[in-house]
Structure formats: structure tokens, C-alpha cells
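Heads up, the thing below is written out as C-alpha cells.
Order of the sequence lines sets the chain letters (A, B, ...), proteins ahead of strands, with each chain counted from 1.
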Number of protein chains: 2
Amino acid sequence: MKEIKDEKELHSYLEQHQLTNIFNDHLKEHAVLCEFEQGERICTQGESARFLYVHVSGKIKVYTTSQDGKILILSFKQPLEIIGDVEYVNGAELLNTVEATSTKVKMIRFDFEWLKKHGNDDAAFLLFLLDIIAHKFYRKSTAMSFNLMYPVEVRLASYLLSVSALKEHTFTDRLDWLDLKDVANFIGTSYRHVNRIIKQFCMEGLIEKNKGVIVIKDRAGLQIMAKDNIYEQ
Amino acid sequence: MKEIKDEKELHSYLEQHQLTNIFNDHLKEHAVLCEFEQGERICTQGESARFLYVHVSGKIKVYTTSQDGKILILSFKQPLEIIGDVEYVNGAELLNTVEATSTKVKMIRFDFEWLKKHGNDDAAFLLFLLDIIAHKFYRKSTAMSFNLMYPVEVRLASYLLSVSALKEHTFTDRLDWLDLKDVANFIGTSYRHVNRIIKQFCMEGLIEKNKGVIVIKDRAGLQIMAKDNIYEQ
DNA sequence: ACTTAGAAAGGACATATGTCCCTTCTTTTT
DNA sequence: AAAAAGAAGGGACATATGTCCTTTCTAAGT
């Protein structure tokens, strides 16, 4: 991680994401723009949280690891995302690990102490946090119900649709979201089983696959398979 | 549902749960104490939310239903619980259905409109909401990871431990949390399978069961089975 | 182009879980 | 107490998913 001491750039990011009114001048004063390498961790599950991060550029993934080493990927995210919000509010240790999956991941960092001093009496800031966390809860809630109620083929169909709905410019950008190992860990199943279902989808004519590249052939069919559920990215 | 027009009682509940400082005088002005019958719905999934409820007495369950009729119970709750908080913040329709599972379930009701007028600039109220929602997110998050990563025997062991940790006065109070149909819908599996695992636990000497009453025989063994996870109620 | 290391895919089998329906137990009614 | 209705439990089989290991493909190095 390196700190980028460029106030201009920092403020341009804030404006780009309409955050200038969210963080008051006191808060902005101590904001730091950080850049992370691909593969670098922004924060690690189990450690104590000291910073709130506003993810403004690049791609990240959020995952959790169980005692016995199982990995569950909770989300692949692009901006705008907030990291550390829940921990800021409840004071608990970090729930998940966050890792940069593209180069030049940029985050605006705020120190918890400073936020407490100058943000906890600021309704705009608190409403912003509320909105973020409520939205996270909403997604988590629907995702959990969905995961618990439907088998892998439904979840995978839903996942494929959600990826195809992304507004990615280039073709290779899309591929980032389709590493089957990651997909398995996201859906909460084994790589083997994802493979099995992928093959089944191919045979049913829902998708096609060449050299690891998956193309949707029958969107309507996939939607039926997904029972109209789509993971919100 | 009937409204109880008894300011004394309402305020005694607020005090009991240390909420007097959370809701300012404006907000309290329009608070209404409501009582629900056993089996009555406090709110219904899919409808638009208009009220924030503070659950102060009795027992409730929260569940969601899928398009094809599957039921997933999200929690069995005793006070203190807040209903409608997420919907208040994000304006979406109700995510879940909430139902009274005991007689005389009491809730303090606040109108969204009134809250917006007199609460959204009140840091104490906003911090309270933040705390509640962050905590809900935390529980949901750990529950989802747990559910996705472990098989039913682990989840059931965890559930049994969590129920045994409840501070219920009477014996019959405990039974409320052990209807196996409900347990199955909570864990996200079939009644048949819960039964199977219960029997397995009996054979392994972890629990005993007589006429539908389950008694824990080997807490340490259950904890190992649960891999130290416990559902937070 | 050949070799080889590593990634991706798949076969075989074991386990976990769901569905359907029959049996057994409980409770209520007569 | 006998009978009947309903709840709870369980058998048998089908499906979903996990584990382990082999095979196939891909890409890098020579």
C-alpha cells in the first residue's frame, strides 16, 4: 500500500462519487488516498479495525475463511463500496478479508478515532452510513435466503446472469468475474460441482464454453433456471 | 392488533429497555403501544412499510417465503428487537414477514413520516439505528457464512446449543424454540432431515429425546460437532 | 516442434439431503 | 375405553454435492 499525497485526485474521486457533501471539512482534512497492488490485502479478517475505507477505483473481492480453512467469497466489487463500516459502528473485529483483484486499487481512508470525533454528531454522515449498511444488510439478507433455499444450479444461473449484466467495457474485464474456482467459493460449493453444472448448462444449450470462456446462449432459459433471482453486484 | 392507550405502560417499556434517550420528545409524542395476538402478523413480506416497531414484550418469529412457497425462518426473537429499520432507511418493501408466536406481543409503533421529520437530524436516534442495523448485518453475515459452509449436523448442533443458552424461566418456554418443523425451516433443510440428524445425535449420546422433548446429554460433544459456532439469538 | 509444469476438466464413488409415503404415537371425540 | 383425526417419526429411494484422483488441456521453456 502506498499513500498518494494528491489532494486534487482525492477530491476528484469524492466528487466523482458524489461524496463531497457526505464528509464534512473536518473529516476530509484527515482523509488519505491509498493505492493497493493487485493481490494486496486492504484488511484482514480477525484483526481489529481502525479505518473506514471508501473504495473509489479498481476491483476488490471480499471473503471470509473458516477455522478449518474453507473460503467463502462474499462479493466481487467495483466502486463505490465502503469497507469497515459495520466494524466502525459495532466495534467488533474485522468480519472479512478484503483483497485487491486489479492493479491500482484506490481507497480513501478515514481514521475511526477522527470519524468518531467529527462524524458521530453529523447527521449527513450518519445517514450515509445508515444507507450503506442497510443496503448491505438487504443484499446479505436476500443472498442468504436464496443460498439456503435453492440448489447450486439455480445459484449458478443467477450468478451468470448477474455477471452478464455488468457494464464492463472490454471482453477481458468480464473474464475477471468468471474464474470458476472463485465462482465456486462465491456460490458456496466445490469447484468440481460448478464444473458439473456448467457442463449440464452447456448440454442444455443455455451456455457455451470454449477455452474457459463462457457465453450465454439462452438468456431466457437461464432466467427460468434462476427463478428470476439475480445476485446484486 | 389493538392499540393500548396507556402512556404509563409505554414509557415503562421504554425505560425498561433504556430507550428513553433514544427517542426524543417529538418522536415519543406519536409513539403508539400495540398488542398482537398469537399467530397475528405484525407485518407482511412484500407490502410497503410504514412503521418502525420496537418489540418490547412477547415472542415473535421472522421469516421469508419464496415464490414457490418455501419458508425460511430467519429468527425467533424476544425483546429487544427492531422491526422495519432496514425498510425505513432504504425505502424498499418489506423483506420479511413478522408474526407473533406468543400471546400479548407488544410493540411500540412509530410512523415513518414522523420519524423522518423529527428523527433524521437527531444523531442519537441515527446512532441507535446504526447500531441496530450493523448488529443485524453482523449476525446475518456470520449466519450466512456458517450456513453455506457447514452441513446440517453442524448447524443443528449449533442451534441446539443456542437454544439451551437461552435464559428461559419455565420448561415449557424452552419448548417453543424446539418445534422441529420450525427448526428445519430455520436451518434451511427439510423436516425429514432434521429428524434424521436428531436420531443420529441420540445414537451418539449427544442428546436424548422423549415425547418430543430434547435434552442435551453431552454439551462438550455438541460443541465439537458445532465447531464452536453458536447462532446468536 | 517437443517436453514439461501447471491449470482445468472429468470419472468414480461416498456422503448429504430431498421427496414421497407409510407407520406410529398423541390427542380429541364419542 | 374405543375410534378417529392429526401430529410426529421413519423407510426407501432419488437427487445433490463433496472428495479424491486421473485425464486432458494450455502455456512456458528449450
Can a side-chain donor-acceptor contact be found between [Y] and [X] if the only test is distance below 3.5 angstrom?
{"X": "B:Asp182", "Y": "B:Tyr63", "answer": "no"}
{"X": "A:Arg139", "Y": "A:Ser75", "answer": "no"}
{"X": "B:Asn147", "Y": "B:Tyr231", "answer": "yes"}

Residue closer to the 5' end of DNA chain C, A:Leu148 versus A:Arg196 (nearest nucleotide):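 Going by which nucleotide is closer to the 5' end, it is A:Arg196.
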Integer-rounded Å distance: C:dA9 P and A:Ile197 CD1: 15 Å
Separation of C:dA9 P from A:Asn210 CG (nearest whole Å):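 So the CG-P distance, A:Asn210 to C:dA9, works out to 11 Å.
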Sugar-phosphate, base or nothing in reach of A:Thr189, heavy atoms under 4.0 Å: sugar-phosphate
Sugar-phosphate only, base, or nothing, as touched by A:Ile198 at under 4.0 Å among non-hydrogen atoms: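 Counting heavy atoms under 4.0 Å across all strands, no contact is made by A:Ile198.
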Residue met sooner reading DNA chain D from 5', once A:Val152 and B:Asn195 are mapped to nucleotides: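 The 5'-side residue here is B:Asn195.
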First of A:Lys211 and A:Lys70 reached from the 5' end of DNA chain D, by closest nucleotide: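 Checking each residue's closest nucleotide, the 5'-ward one belongs to A:Lys70.
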Reference residue A:Lys106; test salt bridge (Lys or Arg N to Asp or Glu O under 4.0 Å); the match among A:Glu9, A:Glu37, A:Glu81: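 For A:Lys106, the salt bridge (Lys or Arg N to Asp or Glu O under 4.0 Å) test succeeds with only one of A:Glu9, A:Glu37, A:Glu81, which is A:Glu9.
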Pair listing, salt bridge (charged side-chain N to carboxylate O under 4.0 Å, His left out) test, anchored in residues 82-93 of chain A, at least two apart: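 Sorted pair list: A:Asp85-A:Lys136.
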Qualifying salt bridge (charged side-chain N to carboxylate O under 4.0 Å, His left out) pairs with a residue from residues 142-165 of chain B, counting only residues at least two apart or across chains: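 Every pair satisfying salt bridge (charged side-chain N to carboxylate O under 4.0 Å, His left out) with a residue in residues 142-165 of chain B: there are none.
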Under-4.0 Å side-chain N/O to phosphate OP1/OP2 contact, A:Tyr191 with C:dA8: no
Range on DNA chain D touched by chain B - first to last nucleotide, heavy-atom distance under 4.0 Å: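 From 5' to 3', the first and last contacting nucleotides are D:dA8 to D:dA12.
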Quiz item: A:Arg192 side-chain donor-acceptor pair to C:dG11 base, under 3.5 Å: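 Result: at least one qualifying N/O pair found.
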